[in-house]
Number of protein chains: 2
Amino acid sequence: MSLPHAILGVLEARPMTGYELTRFFESTARWVWTAPQSQIYPLLRKLEDSGWVEGEHQLRGKHQRRTEYSITPTGLTELRRWLGEPHEEPSQRDGLLLKALFFDLSEPENAQAVLEEHITELQDRIEQWSAHRAMLLAQETPLLTERLKNRPAQDHRRISELKAHVFDYLIRQGKLRQQWCQETLELVHTN
Amino acid sequence: MSLPHAILGVLEARPMTGYELTRFFESTARWVWTAPQSQIYPLLRKLEDSGWVEGEHQLRGKHQRRTEYSITPTGLTELRRWLGEPHEEPSQRDGLLLKALFFDLSEPENAQAVLEEHITELQDRIEQWSAHRAMLLAQETPLLTERLKNRPAQDHRRISELKAHVFDYLIRQGKLRQQWCQETLELVHTN
DNA sequence: GATCGCATGTAAAGAGTTACATGATTTT
DNA sequence: AAAATCATGTAACTCTTTACATGCGATC
């Protein structure tokens with residue numbers, strides 16, 4: 001749905017091969033939009049058909065083919081068009097909330113285990129998000145560095161703050177969820 | 001993925017036809033888990049094959065067939081098993097965050113429009129969630145009323161508070177998102 | 001020479017969306 | 001008589017996941 005535009009947005013920073021995009025969507029980008037390799041390669045060919053990206057065939061060593069994709073002017077126009085399109089919230093599906101709705105049917109100890117494990121997992125993520133946020137603010141992530149090269153220096157701070165702010169949301173939302181789990185723990189135990 | 005268990009959880013309150021389940025997943029339930037009619041009917045037959053639900057064939061009027069599904073003891077065991085299973089967070093995909101990440105490429109006015117519309121839409125939802133939360137606390141929703149009939153009176157308050165707490169999360173998360181959009185508005189405008 | 005990273009592809013299955021299709025019963 | 005609601009079904013499509021499959025190049 002939004003994957004084509006996610007790819008366009010990444011390629012706006014610098015040209016990449018399918019492999020590099022795959023790695024990127026498995027690492028940093030996965031906090032905002034995940035995509036496995038099997039989605040990326042076919043989509044790149046589709047995007048090329050649409051004229052939004054352009055692949056340059058290269059050689060790595062003597063025999064290994066690689067295709068480096070760049071965003072085209074048409075692609076950038078499309079990205080900008082999509083950015084101005086109203087955001088439609090997708091239909092909601094939250095497995096934890098669904099479970100919580102029925103926790104009165106399970107043993108309190110089981111519910112407790114589920115909630116505590118989730119709190120721990122969130123803690124992990126919060127730390128990763130915070131680390132990445134700090135790197136963005138310091139303009140130290142590899143992709144942001146590339147991206148800023150094509151922008152006037154006076155905009156650098158604003159751009160990095162905007163990207164960091166996205167991770168700020170993830171952090172705050174994670175903390176809210178932890179807090180909520182904590183409260184749920186109390187609710188499943190009181191009789 | 002979790003739809004089978006969502007259905008089991010609903011049927012635990014009372015038996016329903018596919019039509020009633022469809023309506024329920026289009027109304028209240030959609031805030032936690034959505035499902036269209038075309039998913040529900042085939043799934044009910046699958047759940048019956050698994051022995052988790054049981055369909056009773058009835059007649060409405062003289063000619064119209066209806067099948068009312070109830071949860072079986074096996075189904076209730078399965079629901080309880082699933083409740084104790086650790087919650088796996090699904091891969092993240094947030095179209096608004098994705099857009100925000102690239103807002104530095106669009107005209108500030110376009111980004112502003114997207115953010116303001118989202119704030120308004122969230123306001124709408126927050127009001128709906130709040131209304132439903134109040135009804136749950138007052139034990140006035142039709143399904144909760146049915147559900148409480150099979151529970152000792154001393155548990156009623158705890159159960160309704162647990163369900164209301166789920167909507168509490170939705171409300172708080174919505175407000176956090178509104179707040180974040182507000183901050184993003186400032187970020188896209190400063191130069 | 002073995003291992004790891006780079007690089008690209010497809011196949012099959014599952015989950016979810018949108019649309020089409022039909023007919024009975026109840027309410028206005 | 002018309003409109004709304006009750007009731008059930010399928011078809012086609014898109015998106016996503018998991019798995020299988022292959023081979024080159026660089027490094028240890």
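Keep in mind the model is a prediction, meaning the values are calculated, not measured. The chains referred to below are lettered A, B, ... by the order of the sequence lines, with proteins before strands, and numbering in each begins at 1.
Side-chain contact between R158(B) and D155(B): present, with at least one pair of heavy atoms (C-beta onward) separated by less than 4.5 Å. Looking at M16(A) and L143(A), their side chains come closer than 4.5 Å, going by heavy atoms from C-beta outward. Residues F103(B) and L162(A) are in side-chain contact: their nearest non-hydrogen atoms beyond the backbone lie under 4.5 Å apart. By the 4.5 Å heavy-atom criterion applied to side chains, E183(A) and H165(B) are counted as neighbours.
Candidate nucleotides dT8(D), dT17(D), dT16(D) were compared by shortest atom distance to the side chain of W33(A), and dT16(D) ranks first. Candidate nucleotides dT17(C), dT8(D), dT16(D) were compared by shortest atom distance to the side chain of Q39(A), and dT16(D) ranks first.
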Between the protein and nucleotides 23-25 of chain C, list every N/O to N/O distance that falls short of 3.5 Å.
from    : atom 1 : to     : atom 2 : distance (Å)
dG23(C) : N2     : Q64(B) : NE2    : 2.5
dT25(C) : OP1    : K62(B) : N      : 2.8
dT25(C) : OP1    : H63(B) : N      : 2.8
dT25(C) : O4'    : R60(B) : NH1    : 3.4

Below 3.5 Å between N/O atoms, which protein atoms pair up with nucleotides 12-14 of chain C? Just atom names and distances, please.
none

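Partners of P36(A) under the side chain to side chain contact (heavy atoms under 4.5 Å, CB included) rule, at least two apart in sequence or in another chain, are S38(A), Q39(A). By the side-chain hydrogen bond (donor to acceptor under 3.5 Å, both in side chains) test, E161(A) pairs with R157(A), sequence neighbours left out.
Near DNA chain C, meaning a heavy atom under 4.0 Å from it, residues 16-31 of chain A has T17(A), G18(A), Y19(A), R23(A) in order of number. DNA chain D lies under 4.0 Å from no heavy atom of any residue of residues 80-93 of chain A. For the contact set between residues 41-50 of chain A and DNA chain C, defined by any heavy atom under 4.0 Å, the members are Y41(A), R45(A).
Distance NE2 (H57(A)) to C1' (dC6(C)): 18 Å, rounded to an integer number of Å. When rounded to the nearest whole Å, the span between CD of Q58(B) and C1' of dA7(D) equals 12 Å. Rounding to whole angstrom units, CZ of residue R66(A) and P of dA7(C) are separated by 4 Å. One atom, CD of Q37(A), and another, C1' of dG9(C), lie 7 Å apart when rounded to the nearest Å. In this structure, CD1 of I40(A) is placed 15 Å from C1' of dT10(C), rounded to the nearest angstrom.
Closest of all the heavy-atom pairs between W180(B) and V166(A) is CZ2-CA, 4.0 Å.
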Problem set entry | salt bridge (Lys or Arg N to Asp or Glu O under 4.0 Å) assessment of R14(B) paired with E68(B) | CA-CA 10 Å; R14(B) 70 169 179 88; E68(B) 200 176 60; 5.3 Å; no
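For residues 56-65 of chain B, no pair satisfies salt bridge (Lys or Arg N to Asp or Glu O under 4.0 Å), with sequence neighbours left out. Screening residues 23-32 of chain A for side chain to side chain donor-acceptor pair (under 3.5 Å) gives no qualifying pairs among residues at least two apart or on separate chains. Residue pairs satisfying the salt bridge (Lys or Arg N to Asp or Glu O under 4.0 Å) criterion with at least one member in residues 130-141 of chain B, sequence neighbours excluded, are listed as follows: R133(B)-D168(B). Judged as a salt bridge (Lys or Arg N to Asp or Glu O under 4.0 Å), the pairs with a partner in residues 3-12 of chain A (not counting sequence neighbours) are, in order, E12(A)-R147(A), E12(A)-R151(A).
In the hydrophobic clustering of ILVMFWY residues, with side-chain heavy atoms under 4.5 Å counting as a link, Y41(B) and F24(B) come out apart.
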Show me the side-chain donor-acceptor pairs of residues 3-11 of chain B shorter than 3.5 Å, one per line, residues at least two apart or across chains.
from  : atom 1 : to     : atom 2 : distance (Å)
H5(B) : NE2    : E78(B) : OE2    : 2.7

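Ion pairing between a basic and an acidic side chain is recognised when a charged N comes within 4.0 Å of a carboxylate O; R177(B) and E121(B) show no such pairing.
At most 12 heavy atoms of other shown residues, nucleotides or ligands fall within 6.0 angstrom of atom CD in E54(B).
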